[in-house]
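Accompanying notes for the structure given below.
To find a chain, count down the sequence lines: A is the first, B the second, and so on, and within it residues start at 1.
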Number of protein chains: 2
Amino acid sequence: MWFVYTETPTAGTTAPVRASERAYRQLRGEILDGILIPGAGLLEIEQSARIGVSRTPLRAAIARLIADGLVAGRPGRGFMVTEMSLDSIRELYEVRRALEEHAARIAADRRDPAVFLALRDQFLDAPELLAQGTVGLHRYYDLIDEFDDAVAEAVANPFLVGALATVRTHLVRIRRLARGNPDRLRSAAAEHLLIIDAIIAGDTSLAAHATHVHLQQSLTNVLAAVQGQPTGPVA
Amino acid sequence: MWFVYTETPTAGTTAPVRASERAYRQLRGEILDGILIPGAGLLEIEQSARIGVSRTPLRAAIARLIADGLVAGRPGRGFMVTEMSLDSIRELYEVRRALEEHAARIAADRRDPAVFLALRDQFLDAPELLAQGTVGLHRYYDLIDEFDDAVAEAVANPFLVGALATVRTHLVRIRRLARGNPDRLRSAAAEHLLIIDAIIAGDTSLAAHATHVHLQQSLTNVLAAVQGQPTGPVA
DNA sequence: TGAAGCTCCTATGTATACATAGAATGCTCG
DNA sequence: CGAGCATTCTATGTATACATAGGAGCTTCA
């Protein structure tokens, strides 16, 4: 086996040397992007051949995906990408609410105001961003990631941050199903602003309650969108 | 390799056939029981020889333990049982509070009163149980497990129940460090009674707040006990 | 024609051999 | 005598060969 140097020679991002890591990232990415649809079966031999690694690292990758909750399988008979039913989405949001409310509370208590003041400015520009089509949409999602990261940094609790990361992983998939209408995203940006203001003010209760409101709105929107187009974009 | 029939022929509990499952359960049990102490290095060859499986299933077992947060390791250079610092304990309780409060709230909303009425009677007998030494102590812990299971059943949310299970895994280890003085356990039983009463009454706020109080007391006790005997039993 | 049993096949579970990287140690040179 | 480098060793990462279980399909008998 030779070294293959044709693996996305993107400067800066040193490609992961371990084959199991490559397999994990590729499969995870494909599941989150919807390339591997829910319910799709993952055959070890087939996937290992496709990705270009042997079965051993592929199994390690699948083990991590199972831990992430992205893949499930009966012991003896294969694995499949987990489904995302309406009930699953409601259940996920139930946990999400518990964790994000708590995180918002703690963040409001321990935050560095400067960080959130900077974020505030960026969220103020969100409406303009959302008028710029796909590129703006991606930048908006990046902005939300920045906000999440800022909260995580303020929380400074590996357990809580880890649990939130798990929840957010599933959220990426859900976001695809309810792919964003601009009106909802503008509202969401406004809701984020309220949360940020509460965090800046150090108002723990307000931060938690604003988060609660935001998630409730988000869930309502997601459920409506998913029920409207159960299998895919209907146009 | 022959089949070994000498593996705890306990009737009813069909021993797991898969070697990776055996390895996982044994290692997990040994970590939770404190046989494998925090910081202990896990060498694949050494452990696989000890447990009697090859390296392949052992690696699968370690992967699951990493997902559980019981084992950590730098990619290239070995694995070790995770440490439980005072900060870790505080952080864990922070997440636990978010999840258990939310769970209590939901349980109070969706509970089957009969189940919790039965639990109530058992908790009323807890003080007598705690006067019976080690046997009673184990039965008391079993009773808490029953309570947790009842809450999980009432919550009926795989994500939330899973997150709680993860937190409780770590709690088993912490419980060892603060191994229970009877006074604290009697107080804990009383606190549980308050939570149960709130759940029976369907009082969601009271259930959440009583849970908050209970966890705060529990954390205080644990921290005091751990600080009193940092490395192990002193007396 | 339908159902039951058997056979074969496929995909997972396991074991082991080989590759490789990182660290410790000893040697050598200044 | 100390520091730097090379060597060796050890433990992980990977690949592959073999064992096994579970299911699908076919055959046969009632």
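- Put simply, OH on B:Y24 is 15 Å from P on C:dT14, counting in whole angstrom units.
- Regarding A:M80, its CE atom lies at a distance of 17 Å from the C1' atom of C:dA11, rounded to whole Å.
- A heavy-atom distance below 4.0 Å to DNA chain C is reached by these residues of residues 39-47 of chain A, ordered by number: A:L42, A:L43, A:E44, A:I45.
- Residue-to-nucleotide contacts include no donor-acceptor pair under 3.5 Å from the side chain of A:S20 to the base of D:dT14.
- A cation-pi geometry, defined here as NZ or CZ lying under 6.0 Å from the six-membered ring centre and within 45° of its normal, holds between B:R96 and B:Y93.
- Rounding to whole angstrom units, CD of residue B:E21 and C1' of C:dG13 are separated by 13 Å.
- The aromatic rings of A:F159 and B:H170 lie perpendicular to each other, with more than 60° between the two planes, well past the 30° mark.
- Summary of the strand contacts: B:R55 and A:R55 both lie near DNA chain D, and taking for each the nucleotide with the nearest heavy atom, the more 5' one is attributed to B:R55.
- In this structure, B:R22 places its CZ atom 13 Å from C1' of C:dA15, rounding to the nearest Å.
- Within the 4.0 Å cut-off from OP1 or OP2 of C:dT12, not a single side-chain nitrogen or oxygen of A:R59 is found.
- Taking the six-membered ring for Trp and thresholds of 30 and 60 degrees, A:H192 and A:F147 have ring planes more than 60 degrees apart, a perpendicular arrangement.
- Sorted by first and then second residue, the salt bridge (Lys or Arg N to Asp or Glu O under 4.0 Å) pairs with a member in residues 150-173 of chain A read A:E100-A:R168, A:D148-A:R168; sequence neighbours excluded.
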Exercise. Should B:T166 and B:T169 be marked as a side chain to side chain donor-acceptor pair (under 3.5 Å) after you check the CA-CA gap, both sets of side-chain angles, and the distance that decides it?
Worked result: CA-CA 5 Å; B:T166 300; B:T169 294; 5.9 Å; no
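- Every residue two or more places apart in sequence or in another chain was checked for a ring-ring contact (aromatic ring centres under 6.0 Å, His included) with A:Y24, and none qualifies.
- Applying the 4.0 Å criterion to OP1 and OP2 of C:dT14, one finds that B:T56 has every side-chain N and O outside that range.
- Going from atom CG of B:L58 over to atom P of D:dG13 covers 12 Å, rounded to whole Å.
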